[in-house]
2 protein chains.
Amino acid sequence: MTQTALGPKMKGLWLENCELRICDDIAQPQVLPGEALVRVKLAGICQTDLEMTKGYYPFTGIPGHEFVGEIKSAPDRPSWIGERVVGEINAFCGHCPLCLRGLPHHCLKRTVLGIVGRNGAFADYLALPLNNLHLVPDSVSDERAVFTEPLAAALQILEQMQIRPTDRILLVGAGKLGQLIARVLLLTGCHLSVMARHPSQASLISKLGVPLIQEKSFPQRHFDTVVEASGTAQGLSVDRLAVRPAGTIVLKSTYKGETVLDLASFVVDEITLLGSRCGPFTPAMNLLEKGIIDPTSLISGSYGLSKSIEAFDEASKSGVLKVLLRMQ
Amino acid sequence: MTQTALGPKMKGLWLENCELRICDDIAQPQVLPGEALVRVKLAGICQTDLEMTKGYYPFTGIPGHEFVGEIKSAPDRPSWIGERVVGEINAFCGHCPLCLRGLPHHCLKRTVLGIVGRNGAFADYLALPLNNLHLVPDSVSDERAVFTEPLAAALQILEQMQIRPTDRILLVGAGKLGQLIARVLLLTGCHLSVMARHPSQASLISKLGVPLIQEKSFPQRHFDTVVEASGTAQGLSVDRLAVRPAGTIVLKSTYKGETVLDLASFVVDEITLLGSRCGPFTPAMNLLEKGIIDPTSLISGSYGLSKSIEAFDEASKSGVLKVLLRMQ
């Protein structure tokens with residue numbers, strides 16, 4: 001992860017000390033054994049990218065972890081050259097205690113594309129292990145495929161817990177990730193309600209036929225599960241009031257800062273708090289390929305790499321959903 | 001819940017503004033339809049009782065919720081008069097939304113014996129709904145039966161989540177409830193380790209053949225599940241370091257005060273935090289009756305009601321386990 005190494009150079013967006021800048025002399029990623037070099041076609045700006053510019057995580061390098069691209073080089077699997085791929089973001093070692101316990105996403109030595117120890121997707125090229133890459137069927141456009149990673153993150157909720165068709169679910173937050181979570185939860189048949197702050201986000205939820213709940217008046221101790229995707233620490237106080245005893249609050253947002261909780265009340269009401277992060281790519285791609293989930297209405301804008309700082313500014317605005325960076 | 005009503009009087013321990021006093025002119029409980037009057041024989045002091053004297057919950061009345069007694073009057077089931085019983089502590093309405101969803105322990109209108117809106121067991125008599133009472137088999141002594149309620153609370157962990165025989169579990173805290181949790185968890189065959197603060201508590205754990213883990217050096221990100229029964233807010237920071245990613249922290253302690261958490265780390269590590277309170281009486285009684293769990297080694301002392309304030313002082317001391325109050 002360096003700007004100064006010898007070898008071929010590329011253009012990319014560089015994050016350092018919470019500052020972004022566009023560079024055209026970044027060293028192309030080295031392709032380690034078992035890895036592939038991917039030419040990025042389209043990448044999405046995620047809330048985590050925005051939080052990193054506020055210091056959520058001290059990352060220096062190229063951010064970006066939602067992408068679709070084309071394999072340029074793959075020494076261990078040359079037949080894949082030219083294939084269109086998306087990629088899981090956690091690159092694991094395969095032999096630490098957590099990998100050996102079936103938890104590669106939590107590998108003690110993992111790098112995470114554009115987040116931890118590995119340059120990301122807001123550049124001409126990225127490198128990822130072949131095991132992380134998934135071929136994109138021809139019928140799935142770049143604009144759909146670029147949503148595979150966040151859609152997988154939404155699906156992770158169903159990987160971690162059972163949502164019953166008869167459950168009453170409240171989704172708090174209808175931003176980039178929240179919109180995808182809403183679409184995933186609807187597929188369970190559950191009774192979903194959504195608390196959306198911004199009118200344009202609320203409008204997209206309404207188009208799904210999902211009832212909106214107001215922050216000022218909502219049924220308390222009512223929801224079997226509350227999914228926290230508001231991206232703010234304030235969300236949790238709403239969640240806590242809305243969830244029924246013996247219910248679950250799913251945490252999907254990462255943000256900088258600490259939260260004060262009365263844990264005795266979690267014991268008395270037997271609340272479950274469930275942290276949820278990255279999810280499974282294959283079912284996400286299935287849903288995109290079959291057209292069961294169409295995320296394209298969530299695209300707020302699309303920018304070239306040379307306009308990527310404007311793209312970040314746009315993505316930071318209240319109510320704006322997915323902003324894409326088009327690399328070529 | 002009054003000291004001044006007319007009718008027969010009784011002796012009991014009274015809690016008001018965090019102060020305890022022994023009274024001999026407390027009105028005997030009124031027996032409402034569907035309830036029974038129970039002559040208390042033996043009652044146990046729980047950590048929650050001690051926390052209430054520190055203001056954990058603003059209860060005024062007779063504390064105490066672990067007991068064994070004899071039915072003195074039961075207008076709706078006179079055949080039970082003279083029977084020895086233990087009692088579930090949550091008295092529910094049966095028709096609120098939470099009762100109708102199968103969550104009577106979380107009834108919106110519940111009273112809780114010696115904790116919320118209902119006088120408790122540290123007195124000559126208490127009243128509870130017949131539905132809350134469980135007959136005690138002749139083979140189960142009073143000294144064992146009085147542990148039914150906390151043993152049920154320990155079993156609630158297994159009611160809420162799956163503990164696998166191959167799981168690595170850390171129990172943080174080996175006090176009154178922790179000792180029972182250790183005995184329950186051992187029955188799963190799991191690999192249990194315990195962090196015990198006081199030498200006498202550690203010694204009881206060692207007698208079970210369970211390895212002790214030191215607070216200063218313990219394996220991090222290692223345990224599938226960590227059970228928090230330390231009774232202090234500090235416990236959670238140990239729990240958080242000890243639990244593996246995608247693992248569970250079970251909260252069994254209620255105490256006054258707030259805890260500061262970095263919730264983003266719960267998301268990244270996909271930690272589950274599970275609040276756990278009261279549990280099922282029938283299996284607890286099964287384990288006592290069959291001698292699978294013998295709690296009598298946890299008895300630190302036994303006092304008459306007239307010495308109940310000394311009993312509370314004793315129960316508050318570090319390392320002391322179950323202190324019993326003998327009512328007759």
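Values in this document were obtained by computation on a predicted structure and should not be read as measured data. Naming convention: chains lettered A, B, ... in sequence-line order (proteins, then strands); numbering from 1 in each chain.
Interface remark: B:Ser253 contributes backbone atoms only to the contact with chain A (heavy atom separation under 4.5 Å). At a 4.5 Å heavy-atom cutoff, the contact between B:Leu103 and chain A is made by side-chain atoms alone. In this structure, chain A has a heavy atom under 4.5 Å from the side chain of B:Leu98, while its backbone stays farther away.
Chosen from A:Arg244, A:Arg101, A:Arg221, A:Glu258, the residue pairing most often with chain B at heavy-atom distances under 4.5 Å is A:Arg101. The candidate from B:Leu263, B:Thr248, B:Leu108 with the greatest count of non-hydrogen atom pairs under 4.5 Å with chain A is B:Leu263. Taking chain B as the reference chain and counting heavy-atom pairs below 4.5 Å, the highest number among A:Leu236, A:Thr254, A:Leu261, A:Ile249 is found for A:Leu261. Here A:Glu270 is the residue among A:Glu51, A:Arg277, A:Glu270 with the most heavy-atom pairs under 4.5 Å with chain B.
Judged purely by distance below 3.5 Å, without hydrogens or angles, the side chains of B:Gln156 and B:Ser276 never pair a donor atom with an acceptor atom. Side chains of B:Arg183 and B:Gln179: a donor on one and an acceptor on the other come within 3.5 Å.
At a threshold of 4.5 Å between non-hydrogen side-chain atoms, the residues A:Val250 and A:Val226 do not count as touching.
The residues B:Asp269 and B:Arg240 are annotated as salt-bridged, a charged nitrogen and a carboxylate oxygen being separated by less than 4.0 angstrom.
Applying the 6.0 Å contact sphere to NE2 of A:His191 captures no more than 12 heavy atoms from other residues, nucleotides or ligands.
Note that CZ of B:Phe312 is 5.0 Å distant from CG of B:Asp49, once rounded to the nearest 0.5 Å.
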